[in-house]
Amino acid sequence: MTAEKRTYEEYSKEEHESIQNNLQKSLGPEWLSQRSGPSGRLTYIEGRTAISIANEIFGFNGWSSCVKDCTVDYVDVTENGRYNVGVSVSVRITLKDGTYHEDVGYGSADNSKTKSMAFEKARKQAVTDATKRTLRCFGNALGNCLYDKVYLAGIGQMAHPQVRNQTTLFNQPY
């Protein structure tokens, strides 16, 4: 098996400035979701949303992702024949100019009817988690702002329509 040779394309000055400007913006509340977490409400970005934003910022063909490693951490079979699986994954995201980031993600499936169903759910969950964690390394508009406690405190008090057209937030188009 031979390694695939990649060619990279530099960004124009205008593209670079646009990408940098968008990545520096924090996410508007319309991009965010919430769920119960171990210590209260947890604010997060859904996987499909992170991918949509990456496509909007970098272009649909301006970035790619690759699973670098997938490790099965455990497979348990319960007394009633159900499956529990845990998987960790490493993902690399590369931009068209060759810039890349890598991070890890984790996924698990509990009480699945079949082993294949458990693996499918755990792997998908792990890849989504790793993809989101890797994308956030590029900047605030791809989720890094969710690690800023001051931002989270303020964004939670904003109603969705109030943030339209604010230049410091990356908002959904009308």
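Computed from heavy atoms alone, side chains included, the values below leave out hydrogens, waters and symmetry copies.
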- Task: Find out whether Val127 and Lys124 are in side-chain contact, i.e. whether some heavy atom of one side chain is under 4.5 Å from a heavy atom of the other.
- Result: no
- Task: Search all heavy atoms of Thr134 against all heavy atoms of Val91 and return the closest pair with its distance.
- Result: OG1-O, 3.5 Å
- Message: With a 4.5 Å cut-off on side-chain heavy atoms, are Tyr11 and Phe58 touching?
- Response: yes
- Rounded distance (nearest 0.5 Å) linking atom CG of Asp129 with atom OG of Ser88: 10.5 Å
- Query: Are Val72 and Val67 grouped together when hydrophobic residues (ILVMFWY) are joined by side-chain heavy atoms under 4.5 angstrom apart?
  - Reply: yes
- Thr71/Val87 under side-chain contact (heavy atoms from CB on, under 4.5 Å): CA gap, chis, key distance, verdict: CA-CA 6 Å; Thr71 303; Val87 176; over 6 Å; no
- How close do Ser33 and Glu46 get, heavy atom to heavy atom, and via which atoms? OG-OE2, 3.2 Å
- Under 3.5 Å donor-acceptor, Asp69 side chain and Val89 backbone: no
- Query: Taking the side chain from Ser52 and the backbone from Arg48, do they hold a donor-acceptor pair closer than 3.5 Å?
  - Reply: yes
- Distance, nearest 0.5 Å, that separates OG of Ser112 from NZ of Lys121: 6.5 Å
- Shortest non-hydrogen contact from Ala109 to Ala118? CB-O, 3.4 Å
- Message: I'd like to know if the side chain of Arg136 reaches the main chain of Asn144, judged simply by a donor and an acceptor atom lying under 3.5 Å from each other, with no hydrogens or angles considered.
- Response: no
- Query: Does atom OH of Tyr8 have more than 12 heavy-atom neighbours from other groups under 6.0 Å away?
  - Reply: yes
- Message: Are the side chains of Asn84 and Ser108 in contact, using a 4.5 Å heavy-atom criterion?
- Response: no
- Query: Would Thr78 and Asp76 count as having a side-chain donor-acceptor pair, cut-off 3.5 Å?
  - Reply: no
- Task: Determine the minimum heavy-atom distance between Ser26 and Cys145, stating which atoms define it.
- Result: OG-CB, 3.6 Å
- Task: Step by step, work out the side-chain contact (heavy atoms from CB on, under 4.5 Å) result for Phe138 and Thr99.
- Result: CA-CA 10 Å; Phe138 287 99; Thr99 302; 4.2 Å; yes
- Task: Spell out, yes or no, whether Tyr44 and Leu27 are grouped together once hydrophobic residues are joined by side-chain heavy atoms under 4.5 Å, including indirect joins.
- Result: no
- How many angstroms lie between CD in Gln20 and CD1 in Ile57, if you round to the nearest 0.5 Å? 10.5 Å
- Item | Sub-4.5 Å side-chain heavy-atom contact between Lys68 and Glu102 | yes
- Query: With sequence neighbours excluded, what pairs up with Asp103 under the side chain to side chain donor-acceptor pair (under 3.5 Å) test?
  - Reply: Arg133
- Item | Tyr147 vs Leu152 side-chain heavy atoms within contact, under 4.5 Å | no
- Indicate yes or no for a side-chain donor-acceptor contact from Asn140 to the backbone of Gln24 under 3.5 Å, with no hydrogens or angles considered. yes
- Task: Kindly indicate, with the supporting measurements, whether the criterion side-chain contact (heavy atoms from CB on, under 4.5 Å) is fulfilled by Arg92 and Ser65.
- Result: CA-CA 6 Å; Arg92 174 183 287 187; Ser65 64; over 6 Å; no
- Item | Where Trp31 and Glu56 come nearest, the two heavy atoms and their spacing | CH2-OE1, 4.4 Å
- Aromatic contact, Phe119 with Tyr83 (centres under 6.0 Å): no
- Side-chain (Lys132) to main-chain (Ala50) donor-acceptor, under 3.5 angstrom: no
- Query: Side-chain contact, heavy-atom cut-off 4.5 Å: Tyr106 with Gln125?
  - Reply: no
- Item | Pair Glu15 + Lys96, salt bridge at N-O below 4.0 Å | yes
- Item | Non-hydrogen side-chain atoms of Leu142 and Leu23 separated by less than 4.5 Å | yes
- Is any side-chain heavy atom of Thr94 closer than 4.5 Å to a side-chain heavy atom of Trp63? no
- Looking only at non-hydrogen atoms, find the nearest pair between Ala141 and Asn22 and report the distance. CB-O, 3.1 Å
- Query: Do Leu146 and Leu42 share a hydrophobic cluster, counting only Ile, Leu, Val, Met, Phe, Trp and Tyr and linking them when any side-chain heavy atoms are less than 4.5 Å apart?
  - Reply: no
- Item | Criterion side-chain contact (heavy atoms from CB on, under 4.5 Å) on Arg82 and Asn111, from CA distance to verdict | CA-CA 5 Å; Arg82 298 285 183 136; Asn111 203 31; 3.0 Å; yes
- Item | Side-chain donor or acceptor of Thr49 paired with backbone N/O of Ile45 under 3.5 Å | no
- Query: Taking everything shown except Tyr100 itself, do over 12 heavy atoms lie less than 6.0 Å from its OH?
  - Reply: no
